[in-house]
Protein chains: 2
Amino acid sequence: MNIKKYNVNEEGLNRFFGPLEAKIMEVLWSSDDGIAAKEVQELVNKEHPITFNAVMTVMNRLFEKGHLQKNSQGRGRGRISTYNAVQTKEQFINEQTKAVTRGLMSEFGDLVVNHMVDALEDSDPELLAKIQEKISAMQSRKQP
Amino acid sequence: MNIKKYNVNEEGLNRFFGPLEAKIMEVLWSSDDGIAAKEVQELVNKEHPITFNAVMTVMNRLFEKGHLQKNSQGRGRGRISTYNAVQTKEQFINEQTKAVTRGLMSEFGDLVVNHMVDALEDSDPELLAKIQEKISAMQSRKQP
DNA sequence: ATCCTGATACTACGAATTGTAGTATATTTG
DNA sequence: CAAATATACTACAATTCGTAGTATCAGGAT
């Protein structure tokens, strides 16, 4: 449940997964109930051609890494194996951004803070205001 | 000059480089003038046994990736090749933390801000105050 | 001048990661 | 029983990084 490499130049889930892994997780997160490998393959296949085997193998790796849960019954053709994401997408993203953020902060705190505030100045002044509110709330909670 | 993978579970320069790469860059950054591969090997070898070839190969990769500059003259035994880091360590760290921070902010801005402020509440309240100052300075500069 | 040594360079291999392909298994259906 | 099919297991290619083997080529010793 722990991503080792964060891909700096990618976008979205591709920051945390390989491209096929990301598409598969997206499908898993889009389905409330468990979903069969075949179904996942059909859905991914709509975007770009992919064999069932490729999907199957990568799903099993995601399972081994702890991102997916597997529920199997039966064997052979009649086998039913459904997969579920272990975390919601929100939980996953939250956990990963937390890991990356806290790691960065612990060693490069002041640099990171400056980069962040600069980034917000350009693109998201509202978030700047939220930061101030959050800090003020903290401080008044600590020293009333 | 652009790191692709950020290693979430590592420390220090190992976040941006492999372990041997990191040790080599550290040596390069510790020497003001250019330094020969042999000398680098001798220095790294004090920490843990490493062959000249290993150091040489990894240094050439760092050169190909643009992190090192090479100055060669002569050939064969008498050859002198000295290596320099292209950026200072400070420049490098600044650039990389900026890339990671801005990438995170652009997609997960509010999450990252929350994680960061939470992290600072525990470990570095002074930095929290600096953030407020920086934001205030910005805002008064914009809306005088 | 010849040979050996030593600094550098080039090539190759092993492990890990991720995408892809081939084959095996076993059961449901015809 | 045989064919088709959902799943599983194994293998291979490309990339990255650490490591090892070998080649090159000038300076010094003989």
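Below, each value reflects all heavy atoms present in this structure, side chains not excepted, and no hydrogens, waters or symmetry copies. Throughout, protein chains are lettered first and strands after them, A, B, ... in sequence-line order, and every chain is numbered starting at 1.
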Would A/E107 and B/R15 pass as an ion pair if we require N to O under 4.0 Å? yes

Taking the basic N atoms (NZ, or NE/NH1/NH2) and the acidic carboxylate oxygens, is any pair closer than 4.0 Å for B/K130 and B/E126? no

What is the separation between atom CD1 on B/I24 and atom P on D/dT16, rounded to the nearest whole Å? 17 Å

Bounded by its outermost nucleotides with an atom under 4.0 Å from a heavy atom of chain B, the footprint on DNA chain C reads C/dT5 to C/dA12

Taking only residues two or more places apart in sequence or in another chain, which ones pass side chain to side chain contact (heavy atoms under 4.5 Å, CB included) with A/S72? A/K70, A/R79, A/S81

What nucleic acid atoms does B/Y83 come within less than 4.0 Å of, heavy atoms only: base, sugar-phosphate, or nothing? sugar-phosphate

What residues form a side-chain hydrogen bond (donor to acceptor under 3.5 Å, both in side chains) with B/N94, not counting sequence neighbours? A/H115

Just checking, is any N or O donor in the side chain of A/Q132 or B/Q132 under 3.5 Å from an acceptor N or O on the other one? no

Say whether, by atom type as modelled, one donor and one acceptor occur between the side chain of A/N84 and the main chain of A/Q69 under 3.5 angstrom. no

What does the inter-axis angle of the helix from C/dA1-D/dT30 to C/dG30-D/dC1 come out as, five pairs per end, nearest 10 degrees? 40°

Establish whether the base of D/dA8 is bridged to the side chain of A/N53 by a donor-acceptor pair shorter than 3.5 Å. yes

Please classify the nucleic acid contact of A/K65 as base, sugar-phosphate, or nothing, using heavy-atom distances under 4.0 Å. sugar-phosphate

Near DNA chain D, under 4.0 Å by heavy atom, which residues of residues 28-49 of chain B? none

Residues that B/L43 engages under side chain to side chain contact (heavy atoms under 4.5 Å, CB included), provided they are two or more places apart: B/V27, B/I35, B/K46

For A/K5, which residues count as a side-chain hydrogen bond (donor to acceptor under 3.5 Å, both in side chains) partner, sequence neighbours excluded? B/N7

Qualifying residue for side-chain contact (heavy atoms from CB on, under 4.5 Å) with A/I93, from A/Q96, A/E90, A/K89: A/K89

Which residue pairs pass the ring-ring contact (aromatic ring centres under 6.0 Å, His included) test with at least one member in residues 17-43 of chain A, sequence neighbours excluded? A/F17-A/H67, A/F17-A/F92, A/W29-A/F92

Heavy-atom side-chain proximity of B/T82 to B/I80 below 4.5 angstrom: yes

Would you please name every residue forming a side-chain hydrogen bond (donor to acceptor under 3.5 Å, both in side chains) with A/Y83, sequence neighbours left out? none

Candidate list B/T57, B/L28, B/I24, test side-chain contact (heavy atoms from CB on, under 4.5 Å), partner B/L62, passing option: B/I24

Contacting residues from residues 6-20 of chain B, given that a heavy atom lies under 4.0 angstrom of DNA chain D: B/G18, B/P19, B/L20

Listed partners of B/D33 passing side chain to side chain contact (heavy atoms under 4.5 Å, CB included), at least two apart: none

In B/S/- notation (B base, S sugar-phosphate only, - none; protein heavy atoms under 4.0 Å), nucleotides 10-15 of chain D written 5' to 3' is BB----

Knowing that exactly one of B/K98, B/K134, B/R102 qualifies, which makes a salt bridge (charged side-chain N to carboxylate O under 4.0 Å, His left out) with A/D118? B/K134

Looking at B/R61 and B/E21, does any basic side-chain N land under 4.0 Å from a carboxylate oxygen? no

Can you measure B/N60 atom CG to D/dC17 atom C1' for me and round it to whole angstrom units? 14 Å

Nearest heavy atom decides the nucleotide; on that basis, is A/K5 or A/T51 closer to the 5' end of DNA chain C? A/K5

